[in-house]
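The structure appears below as structure tokens.
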Amino acid sequence: MCGIVGYIGQRNAIPLVINGLKKLEYRGYDSAGISFVDNDLETFKTKGKVKDLEKILKSHKKSSPNVAIAHTRWATHGIPSDTNSHPHISNSGRLALIHNGIIENYSSLKKLLTNNGFTFKSETDSEVLVNLIEHLQTSLNLKIGKAVQVALSKVVGAYAICVIDKTRPFEMIVAKLGSPLAVGIGSDEFFVGSDASPFVEFTNRSVYLEDNEVAIINILKKSLKLFSINDGTELTPKVQELDYSLEQIEKGGYDYFMLKEIYEQPRAIHDTIRGRLIINEQKIKLSGIDENLEKFKNAERIIIVACGTSWHAGLVAEYIFEDLCRIPTEVEYASEFRYRNPVINKNDLIISISQSGETADTLAAVKMAKQKGAFIFGICNVVGSSIAREVHSGAFTHAGPEIGVASTKAFTTQIALLAIIGLRISQIKKSLNDKIFKNLLNSLNNITTLSKEVLKLDNIILKIAKKYHNAPNFLFLGRGYNFPTALEGALKLKEISYIHAEGYPAAEMKHGPIALVDKNMPVVVVATKKGFYEKVVSNIQEIKSREGKIIAIVTKGDTDVKKLSDDFIEIPECEELLVPILASIPLQLLAYHIALLRGCNVDQPRNLAKSVTVE
Ligand code: AGP
């Protein structure tokens with residue numbers, strides 16, 4: 001996610017906001033910038049790191065302005081570049097704005113502004129917003145605070161913004177919907193941050209804006225006035241005394257980034273679906289596909305290339321694409337595919353999946369396939385990453401930076417996006433009847449709510465973790481869509497707790513692995529109602545008869561499997577192709593708790609890197 005910092009007060013604002021950006025670097029970013037008012041509005045911004053911004057500032061004449069805003073960008077619209085970096089300046093040069101979030105209706109707003117003579121330098125939605133504010137300010141003769149409130153009442157999407165007007169350098173305007181924003185209140189100064197980390201060393205008094213609120217900070221009056229964006233009514237700000245440490249703030253109050261990212265999954269899935277599922281029109285919008293329709297219409301085979309957790313997401317996609325689109329699909333380890341001299345035909349569609357967009361094996365596989373003439377569609381979480389720039393087209397998961405080495409929200413957002421892609425291709429191929437299409441579309445639209453329900457099971461999962469955290473081995477079993485889920489559960493456990501864990505198709509046990517089962521073997525079985533339920537029940541009975549311990553993921557209200565299980569976790573019912581999203585969350589939490597109980601470092605497990613940029 002982007003980082004927002006602001007300062008208005010009696011001190012030199014520049015070092016304070018630069019220091020504030022450094023406190024937000026943990027959020028992950030690709031560019032940085034600053035604007036301040038020192039007689040005129042000055043702006044410096046660059047692709048790269050905060051230290052690169054500092055170098056640029058050093059070469060600039062010494063300034064000590066009392067008001068400044070600064071930003072670290074995590075690209076969502078437009079690749080990382082100096083031009084796309086924030087702050088964005090309005091056409092007249094009067095306003096500077098920094099933004100964290102996504103303006104969904106920015107295209108229609110951009111058309112309206114263009115018709116009113118506005119021009120744009122960047123590809124970003126944020127530049128549209130700052131010019132909308134200027135347009136309303138001038139056309140309706142509004143002060144900056146009112147202009148921001150009216151502009152945001154016309155915006156659809158999520159935002160945390162900070163705006164300054166060079167003609168009113170004693171004011172700073174902040175507003176929030178969906179993305180976090182905090183104001184720090186000093187004795188004669190105010191701070192702004194995406195969280196409190198930029199200012200917690202200066203003050204512990206803070207106002208956290210709620211959704212649909214805009215605040216006007218006036219340093220002359222030393223006031224913060226709060227208003228509703230919807231109707232402009234004045235509200236009473238709630239000042240709270242923070243007692244977080246800096247480290248706790250970076251982790252959003254969670255003990256580890258991995259736990260924070262597990263709990264971010266409802267928001268991450270929502271952001272990935274947002275703007276792509278048009279529920280009231282029962283349709284899907286995916287520009288990466290819509291701009292390459294022929295490739296998808298003529299696709300006779302899909303080859304998925306990925307590694308690790310992303311490879312598991314690819315296995316789920318194999319079931320989705322063959323089920324919904326009736327296209328033969330193969331899933332390849334990128335590290336094998338790149339060296340195998342594979343046969344790639346004209347109408348093959350290659351899909352690469354990578355959270356980081358920097359995995360060396362996946363990047364090499366993409367380059368090799370491209371050289372062989374294939375069309376490559378990339379699924380990535382990092383805008384501007386090497387793979388995102390290498391592919392012909394693609395779609396981003398909007399999971400936000402994933403800091404924990406163990407992928408969690410990356411996996412569930414990949415599944416959500418792959419389901420959207422599968423539904424879109426089924427429309428192009430006319431391979432799915434309308435009723436099933438609509439049912440799946442609505443189920444997907446509801447998955448965010450269901451994922452919140454699953455997170456409430458955390459304490460139950462902790463109890464199970466306490467029972468089994470000393471087991472030397474684990475087996476994870478599933479069938480159909482839940483076979484990749486079992487693999488993912490095994491990977492989560494082994495990579496952060498160092499317990500040997502293997503995932504298998506449940507029916508495969510009788511071909512050898514069942515020899516491993518005895519009273520010391522916990523076997524996690526994904527045994528939800530949809531997905532060969534009866535067959536999984538008989539697999540469970542085979543394990544029980546060899547004294548294996550059963551930990552079952554079941555559909556809420558299940559009776560049969562619960563009777564056979566030593567422990568069970570009930571998740572809400574959903575369409576089969578979406579079970580991997582709901583079933584993987586308890587497996588992530590199980591691995592997390594077991595690893596902690598074993599004294600492991602869940603965020604940086606031994607021997608592993610977040611992005612494997614080497615062979
Ligand atoms: C999964 O938890 C690991 N972090 C690892 O397997 C990861 O999925 C793999 O290295 C692929 O990374 P990518 O998605 O960034 O390409």
Are Asp348 and Arg301 within salt-bridge range, i.e. N to O under 4.0 Å? yes
Looking at CD1 of Ile496 and CG of Leu596, how far apart are the two atoms once the value is rounded to the nearest 0.5 Å? 7.5 Å
May I ask you to decide if Ile403's main-chain N or O and Glu261's side chain share a donor-acceptor pair within less than 3.5 Å? yes
Just jot down the side-chain contact (heavy atoms from CB on, under 4.5 Å) partners of Ser393, sequence neighbours excluded, or say none. Asn292, Phe375, Phe377
With Ala365, which residues qualify under side-chain contact (heavy atoms from CB on, under 4.5 Å), at least two apart? Val305, Ala334, Phe337, Arg338
Return yes if some donor-acceptor pair links the side-chain N/O of Gln265 with the main-chain N/O of Ile585 below 3.5 Å, else return no. no
Would you say the side chain of Arg546 lies within less than 4.5 Å of the side chain of Met521, judging by non-hydrogen atoms? no
Identify, with sequence neighbours excluded, every residue that meets salt bridge (Lys or Arg N to Asp or Glu O under 4.0 Å) alongside Lys285. none
Can you list everything that forms a side-chain contact (heavy atoms from CB on, under 4.5 Å) with Arg598? Sequence neighbours excluded, please. His469, Ser497, Ile499, Ile594, Cys600
Taking NZ, NE, NH1 and NH2 as the nitrogens, is one of them in Lys346 or Glu300 under 4.0 Å from a carboxylate oxygen of the other? no
From Ile551 atom CD1 to Phe476 atom CZ, the distance as rounded to the nearest 0.5 Å: 7.5 Å
Can you run down the salt bridge (Lys or Arg N to Asp or Glu O under 4.0 Å) pairs that involve residues 485-494, sequence neighbours left out, and say none if there aren't any? Glu488-Lys492, Lys492-Glu495
With sequence neighbours excluded, tell me which residues meet side-chain contact (heavy atoms from CB on, under 4.5 Å) with Glu281. Ile278, Lys283
Count the heavy atoms of every other residue, nucleotide or ligand shown that sit under 6.0 Å from NZ of Lys372, and state whether that count exceeds 12. yes
For the CD atom of Gln355 and the OG1 atom of Thr397, what is their distance to the nearest 0.5 Å? 7.0 Å
The criterion is salt bridge (Lys or Arg N to Asp or Glu O under 4.0 Å); which residues satisfy it with Asp567, sequence neighbours excluded? Lys467
With a 3.5 Å cut-off and no angle check, do the side chains of Asn381 and Gln414 form a donor-acceptor pair? no
Pairs satisfying salt bridge (Lys or Arg N to Asp or Glu O under 4.0 Å), at least one member in residues 402-422, at least two apart: Glu264-Lys409, Glu402-Lys610
Is Ile302 close to Ile351 at the side-chain level, that is, under 4.5 Å between some pair of heavy atoms? yes
Check whether more than 12 heavy atoms from other residues, nucleotides or ligands sit under 6.0 Å from atom CD of Glu336, and answer yes or no. no
Can you check whether Gln427 reaches Phe437 side chain to side chain, under 4.5 Å on heavy atoms? yes
Between the CG atom in Leu516 and the CE atom in Met509, the distance rounded to the nearest 0.5 Å is 7.0 Å
How would you list all residue pairs meeting salt bridge (Lys or Arg N to Asp or Glu O under 4.0 Å) that involve residues 429-440, not counting sequence neighbours? Asp434-Lys438
Can you find a heavy atom in the side chain of Tyr592 that is under 4.5 Å from one in the side chain of Ile461? no
Assess whether atom CZ of Arg326 is packed by more than 12 heavy atoms of other residues, nucleotides or ligands within 6.0 Å. no
Test item: Leu349 and Ile303 side chains (from C-beta on) under 4.5 Å apart, heavy atoms: no
Results of ring pair (Phe, Tyr, Trp, His ring centres under 6.0 Å) for Tyr256 - residues two or more places apart only: none
Carboxylate-amine/guanidinium proximity below 4.0 Å for Glu542 and Lys510: no
Does some side-chain heavy atom of Thr555 sit less than 4.5 Å from a side-chain heavy atom of Glu570? no
Applying side-chain hydrogen bond (donor to acceptor under 3.5 Å, both in side chains), name anything that partners Ser352, two or more places apart in sequence or on another chain. none
Validation row: Val526, Tyr481 side chains within 4.5 angstrom (heavy atoms): no
Euclidean distance, Ser565 OG relative to Asp560 CG, rounded to 0.5 Å: 10.0 Å
Taking the side chain as every heavy atom from C-beta outward, state whether Val537 and Val561 have any atom pair closer than 4.5 Å. yes
Return yes if a side-chain donor-acceptor contact under 3.5 Å exists between Thr359 and Asp361, otherwise no. no
Starting at OG1 of Thr485, measure out to CG of Leu477 and round the result to the nearest 0.5 Å. 12.0 Å
Pair Asp566 + Lys544, salt bridge at N-O below 4.0 Å: yes
Does a salt bridge link Glu390 with Lys370, judged by any charged N lying under 4.0 Å from a carboxylate O? yes
Can you run down the salt bridge (Lys or Arg N to Asp or Glu O under 4.0 Å) pairs that involve residues 516-529, sequence neighbours left out, and say none if there aren't any? Lys529-Asp558
With a cut-off of 6.0 Å (strictly less than), are more than 12 heavy atoms of other residues, nucleotides or ligands near NZ of Lys562? yes
